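Below: one structure, written as structure tokens.
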Amino acid sequence: MARYNPKEIEPKWQKAWDGARAFATASDRSRPKYYVLEMFPYPSGRIHMGHVRNYAMGDVIARYKRARGHNVLHTMGWDAFGLPAENAAMQTSAHPRDWTYANIDHMRAELKSIGLALDWSRELATSDVGYYRWQQKLFLDFWKMGLVERRESYVNWDPVDMTVLANEQVIDGRGWRSGAVVERKKLSQWFLKITDKAEDLLAALDDGRLKGWPENVRLMQKNWIGKSKGAFVRFRLMSGTSASDGAKEIEIFTTRPDTLFGASFIAVAPDHPLAAAVAKDDPKAAAFIAECQRTGTSQEAIDKAEKKGFALPLFAEHPFIDGRKLPVYVANFILMGYGTGAIFGCPGHDERDHDFAVKYRLDIIPVVLPPGEDPKTFSVEGGPYVGPGTLFNSGFLDGLSVDAAIEAAIAKIAAIGIGRAATQWRLRDWGVSRQRYWGCPIPAIHCATCGVVRVPEKDLPVKLPEVPAAAFKTPGNPMDRMPEWLNVPCPECQGPARRETDTMDTFVDSAWYFARFATDVAHRGNGPVDKADCDYWLPVDQYIGGIEHAILHLLYARFFTRAMKNAGHLSIEEPFANLFTQGMVTHATYQDAKGQWILPEDVVTVGGKLATVSGEPVTVGPVEKMSKSKKNVVSPVDIIAKYGADAARWFILSDSPPERDVEWTDAGAQGAWKLVARIWETVEPHQGLLAGAAAPAGADELRRATHQAIAGVTDDIEHFRFNKAIARIYEFLATVRKADGAATPARAEALSALVRLIAPFTPHLAEECWEHLGGKGFVLNAPWPDADAALLVKETLVLPVQVNGKRRAEIHVAANADAKAVEREALADAEVRRHVEGLTVRKVVVVPGRIVNIVAN
RNA sequence: GCGGGCGUGGCGGAACCGGUAGACGCAACGGACUUAAAAUCCGUUGAGGGAAACCUCGUGAGGGUUCGAGUCCCUCCGCCCGCACCA
């Protein structure tokens with residue numbers, strides 16, 4: 001018997017599928033559509049196991065839905081703009097474009113060896129002019145609709161390299177290449193007004209439009225959008241201490257106006273105008289603000305920095321308490337971008353305010369009394385109380401609940417004209433400017449007389465200028481140094497003007513690619529998307545990708561879909577009907593005696609111990625996400641060469657639930673390979689079996705097992721439980737192999753079902769088996785098997801019987817037995833009698849079809 | 001720091017709505033085949049006790065609710081993801 005050889009068989013079927021154009025998207029729109037999309041890859045150069053996992057999952061769904069009669073759209077493309085190409089250009093002198101497209105060619109070939117059911121004719125790269133010119137058109141549309149704005153905001157600035165740094169290029173507050181301390185620098189930048197859609201982006205999370213999304217992702221987005229109700233309140237600055245710009249008052253935002261009587265200070269952001277005004281004549285204040293500016297721009301850096309304040313020579317009057325003076329601080333944890341950039345601090349009922357008050361020895365006054373506490377003894381000196389309760393020490397609010405006090409406080413503030421109720425959002429507008437070359441150029445022109453002007457649509461695309469590869473060795477954006485590209489006549493006055501040199505955030509590229517995929521290639525020259533095509537295919541029925549994209553990418557795509565609908569390009573608000581977030585691929589880490597990381601392929605077992613190829617001892621470290629820096633990577637290409645694509649796909653799906661991390665182990669991959677070989681071995685003796693097989697009848701073991709397997713695997717695939725589907729296939733295979741005496745029709749039915757059930761997971765093997773058994777056409781076009789409900793019903797059940805919660809016996813009862821009969825049966829059981837001997841039975845709990853519990857004492 | 005998750009045998013995991021904890025796979029051990037090894041096939045395998053029947057313990061730690069808790073609640077520990085210029 002010939003051993004199964006994936007090296008021959010996998011390319012054979014890949015060629016056969018190609019030759020038959022088997023995965024070309026059908027134009028027949030009468031069938032129900034199904035659009036399955038995996039997050040497209042960044043073309044880093046090589047595929048990794050994370051890709052294999054992501055695309056194997058999508059492929060299972062695509063092939064399964066196809067077998068269920070759907071018209072399936074399943075495509076692949078490249079998230080091709082971004083920083084790594086420019087870093088490569090700095091290191092290797094390769095032009096970002098050449099580097100990127102060479103990587104794409106390489107990765108495409110690697111992906112094809114996995115045997116994915118993809119329509120490659122729809123492939124796109126976001127760096128193609130044919131893609132980004134339509135992104136420029138969308139940008140202009142949004143601009144006309146008022147969704148584009150220019151305003152100042154901060155970037156990480158490397159003062160040595162004179163360049164803007166990404167957050168990941170800032171390491172411990174220093175530039176990654178220069179090592180210089182990074183500064184915050186204000187630049188005029190482009191923004192998309194995602195906050196205009198905040199209300200609907202939030203509402204859709206809860207109103208059923210995203211019922212196919214995981215709860216945790218919806219919750220993360222909800223918290224990210226962060227709608228909070230509260231109030232603006234103006235505090236009068238005390239005379240004689242006014243700031244040098246003459247400000248008489250300071251406006252704060254608070255979500256807890258009920259705690260106003262517990263206020264003991266005011267804090268403003270380092271870039272608040274009041275702070276700047278004081279700093280003008282106060283070198284110490286200026287120095288403190290400068291220090292704050294040296295913290296990075298990321299929220300994480302700001303939050304983790306030690307909370308610090310600087311007392312300005314200013315005091316504010318408490319609006320309700322005569323004579324209470326509130327000192328005004330500049331504090332490094334107050335954000336200018338949220339609310340008014342100023343807060344009042346209530347140390348008794350807020351963590352950060354409490355820390356701040358302890359540090360600067362400010363009053364800590366409790367104003368909310370928890371239920372059951374005595375106001376005379378209750379203290380918040382040791383820590384704030386943030387729960388519900390009743391107001392005290394609070395004048396007109398005394399005795400009210402927190403909620404009632406919030407309302408009463410707002411009413412009073414409004415009545416005396418010092419403030420009003422307000423809603424604030426944590427969500428900020430989307431800064432899309434990048435001071436980099438390898439991105440989509442922003443279609444704008446700066447004219448000294450006309451200001452910032454749109455590039456007319458007829459002049460699109462604004463192509464990236466041709467820049468020599470050597471230009472990337474110099475820090476900064478090479479576009480700034482291309483006068484022949486930079487200088488253009490103003491589209492409005494024809495006077496001298498300059499092109500915008502900022503390019504777009506790559507999140508813009510990935511915010512609408514799903515709709516571009518849905519647009520037929522023949523229609524792609526006419527606009528960003530084809531509305532009719534999108535009306536048929538969208539929304540994406542199943543979107544699959546990493547949890548790391550839970551907020552930004554998904555939120556941006558949701559915003560873009562709304563904006564594109566408003567611009568008339570699409571008819572939907574939500575791009576992804578169902579979302580699945582898959583876990584990472586991890587691997588053990590290995591180090592040699594010197595602490596150097598070692599590739600798994602360079603580790604060998606010598607006498608039961610791990611060693612390097614040259615014999616040095618190796619220590620095994622923790623299992624971590626596969627990463628280049630720790631060298632704990634396994635190349636899919638090597639695995640496919642060794643075991644075949646089917647075994648790789650099988651293992652990556654078999655070992656862990658899809659949403660959790662999976663650990664790649666060579667033993668597991670070998671196990672998958674054994675399975676592939678065993679299935680072939682099981683099928684091989686039955687050449688042509690399907691051709692003349694009679695219809696199976698009866699209800700023998702094998703038939704029951706077959707239909708149970710069909711029902712179980714189907715249900716598991718529908719619910720994204722690939723690991724369980726695979727476990728069931730193992731069980732079913734064992735039954736098939738043991739069923740020596742089964743009748744030929746039952747065996748044909750079992751093998752036919754087996755091959756179709758494995759087809760989404762191991763498609764090459766399934767085709768080979770299908771052909772060998774005499775199945776018609778490709779198994780990929782064969783209908784999914786149906787489970788016969790009559791063969792799934794059990795006649796008798798085995799019920800566990802507990803005595804006082806401990807399992808003591810099992811009884812066999814008819815599936816339709818009533819509770820009384822089950823109870824009688826249980827009490828009659830010899831084992832049960834032994835355990836209740838000498839006790840009085842107090843209660844018998846019968847859970848139908850589940851369990852019996854006898855309570856006795 | 002803030003937001004969201006996860007934690008079950010030697011390992012990956014299963015256990016549906018609170019109802020027999022450990023399905024299935026890996027590893028290990030025993031056996032068959034072989035001159036031998038590999039491959040393959042069959043069997044055993046949570047821990048402790050017992051000759052056995054069987055008993056006790058056991059789902060990160062501690063507490064609680066319940067006839068019954070891996071599952072629900074509270075407190076704590078550890079790890080992972082995100083934090084707006086990595087993609």
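Just so it is clear, the model here is predicted, and its values are computed rather than measured. Every chain is numbered from 1, with letters handed out A, B, ... down the list of sequences.
Between B:rC57 and B:rA21, the distance separating the two C1' atoms is 13 Å to the nearest Å. Here, B:rG30 and B:rU45 have their C1' atoms 11 Å apart, quoted to the whole Å. Going from the C1' atom of B:rU75 to that of B:rC26 covers 37 Å, rounded to whole Å. Nucleotides B:rG4 and B:rC74, compared at atom P, are 13 Å apart to the nearest Å. Nucleotides B:rG13 and B:rC55 have their P atoms positioned 32 Å apart, rounded to a whole Å. Nucleotides B:rG60 and B:rG9 place their P atoms 7 Å apart, quoted to the nearest Å. B:rC29 and B:rA14 have their P atoms separated by 27 Å, given to the nearest Å. Annotation: B:rU8 and B:rU71 have their P atoms spaced 13 Å apart (nearest Å).
A side-chain N or O of A:Glu500 and one of A:Trp190 form a donor-acceptor pair less than 3.5 Å apart. A:Asp158 and A:Thr163 share no side-chain donor-acceptor pair at under 3.5 Å.
For A:Lys724 and B:rA15, the shortest distance from a side-chain N or O to OP1 or OP2 is below 4.0 Å.
Within a 6.0 Å sphere centred on CE of A:Met162, heavy atoms belonging to other residues, nucleotides or ligands number 12 at most.
The distance between atom NZ of A:Lys806 and atom P of B:rC55, rounded to the nearest whole Å, is 10 Å. Rounded to an integer number of Å, the gap from A:Lys738 NZ to B:rC41 P is 12 Å. Rounded to whole Å, atom C1' of B:rG18 lies 19 Å from atom CZ of A:Arg807. Nucleotide B:rC41 holds its P atom 12 Å from the CD1 atom of A:Ile679, rounded to whole Å. Going from atom CD1 of A:Ile851 over to atom C1' of B:rC16 covers 15 Å, rounded to whole Å. Look at CG on A:Asn332: it is 15 Å from P on B:rG1, rounded to the nearest Å. If you measure from atom CD of A:Glu810 to atom C1' of B:rG19, you get 14 Å, rounded to the nearest angstrom. Between A:Leu335 atom CG and B:rG1 atom C1' the separation is 12 Å, expressed in whole Å.
Here B:rG68 sits opposite no nucleotide as a Watson-Crick or G-U wobble pair (both hydrogen-bonding atom distances under 3.5 Å). Here B:rG7 sits opposite B:rC77 as a Watson-Crick or G-U wobble pair (both hydrogen-bonding atom distances under 3.5 Å). Pair assignment for B:rU35 gives none, since no Watson-Crick or G-U wobble pairing has each distance under 3.5 Å. Base pairing analysis places B:rA51 opposite nothing; no Watson-Crick or G-U wobble pair with both distances below 3.5 Å involves it. Partner assigned to B:rG1 is B:rC83, using Watson-Crick or G-U wobble distances below 3.5 angstrom. With a cut-off of 3.5 Å on both pairing distances, the Watson-Crick or G-U wobble partner of B:rA28 is B:rU44. Nucleotide B:rA14 forms a pair with no other nucleotide shown, judged by Watson-Crick or G-U wobble geometry with both contacts under 3.5 Å.
Residue-level contact check: A:His835 touches the backbone only, with heavy atoms under 4.0 Å from sugar-phosphate atoms and none from bases. Nucleic acid contact class of A:Val662 (heavy atoms, under 4.0 Å, all strands): none. When heavy atoms are screened at a 4.0 angstrom cut-off, A:Val845 is found touching base atoms of the nucleic acid. Looking at heavy-atom distances under 4.0 Å, A:Lys307 makes no contact with the nucleic acid at all. As judged by a 4.0 angstrom heavy-atom cut-off over every strand, A:Arg660 is placed among residues touching the sugar-phosphate backbone only. Within the 4.0 angstrom heavy-atom criterion, no nucleotide atom of any strand lies near A:Arg218. A:Asn723 comes within contact range of the sugar-phosphate backbone alone, with a heavy-atom separation under 4.0 Å but no base atom that close. Using a 4.0 Å heavy-atom cutoff across all strands shown, A:Ala550 reaches no nucleic acid atom at all. If you check every strand for non-hydrogen atoms under 4.0 Å, A:Ser656 touches sugar and phosphate atoms only. As judged by a 4.0 angstrom heavy-atom cut-off over every strand, A:Arg678 is placed among residues touching the sugar-phosphate backbone only.
Listed nucleotides B:rA23, B:rG19, B:rG13 differ in distance to A:Glu731; the shortest reach to its side chain belongs to B:rA23. Closest to the side chain of A:Arg737, from the set B:rC41, B:rG25, B:rG13, is B:rC41. Here the side chain of A:Asn216 is nearest to one of B:rG19, B:rG5, B:rU56, namely B:rG5. Relative to the side chain of A:Leu219, the nucleotides B:rU56, B:rA14, B:rG4 differ in distance, and B:rG4 lies closest.
Look at B:rG9: its glycosidic torsion is within 90° of 0, and that puts it in the syn range. In this entry the base of B:rC17 is syn relative to its sugar, with a glycosidic angle within 90° of 0.
The aromatic rings of A:His549 and A:His553 sit perpendicular to each other, their planes meeting at more than 60°, with 30° as the lower class boundary.
Taking the six-membered ring where the residue is Trp, the centroids of A:Phe651 and A:Trp664 are separated by under 6.0 Å. For A:Trp650 and A:Tyr643, the ring centers sit 6.0 Å or farther from each other.
A:Asp829 and A:Arg808 are not joined by a salt bridge, as no carboxylate oxygen comes within less than 4.0 angstrom of a charged side-chain nitrogen.
The residue among A:Asn853 and A:Arg834 whose nearest nucleotide of RNA chain B is located toward the 5' end is A:Arg834. Each of A:Asp655 and A:Tyr730 lies near RNA chain B, and the nucleotide nearest A:Asp655 is the one positioned closer to the 5' end.
Considering all non-hydrogen atoms of both residues, A:Cys292 and A:Arg184 come closest at O-NH2, 2.8 Å.
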Nucleic acid footprint by protein, nucleotides 70-87 of chain B - heavy-atom cut-off 4.0 Å, B for base, S for sugar-phosphate alone:
----------SSSBBBSB

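Of the possible polar contacts, none joining the A:Arg434 side chain to the A:Gly439 backbone as a donor-acceptor pair under 3.5 Å is found. With A:Trp438 contributing its side chain and A:Ala80 its backbone, the two residues share a donor-acceptor pair below 3.5 Å. The backbone N or O of A:Val855 lies less than 3.5 Å from no partner atom in the side chain of A:Asn804, so there is not a single donor-acceptor pair.
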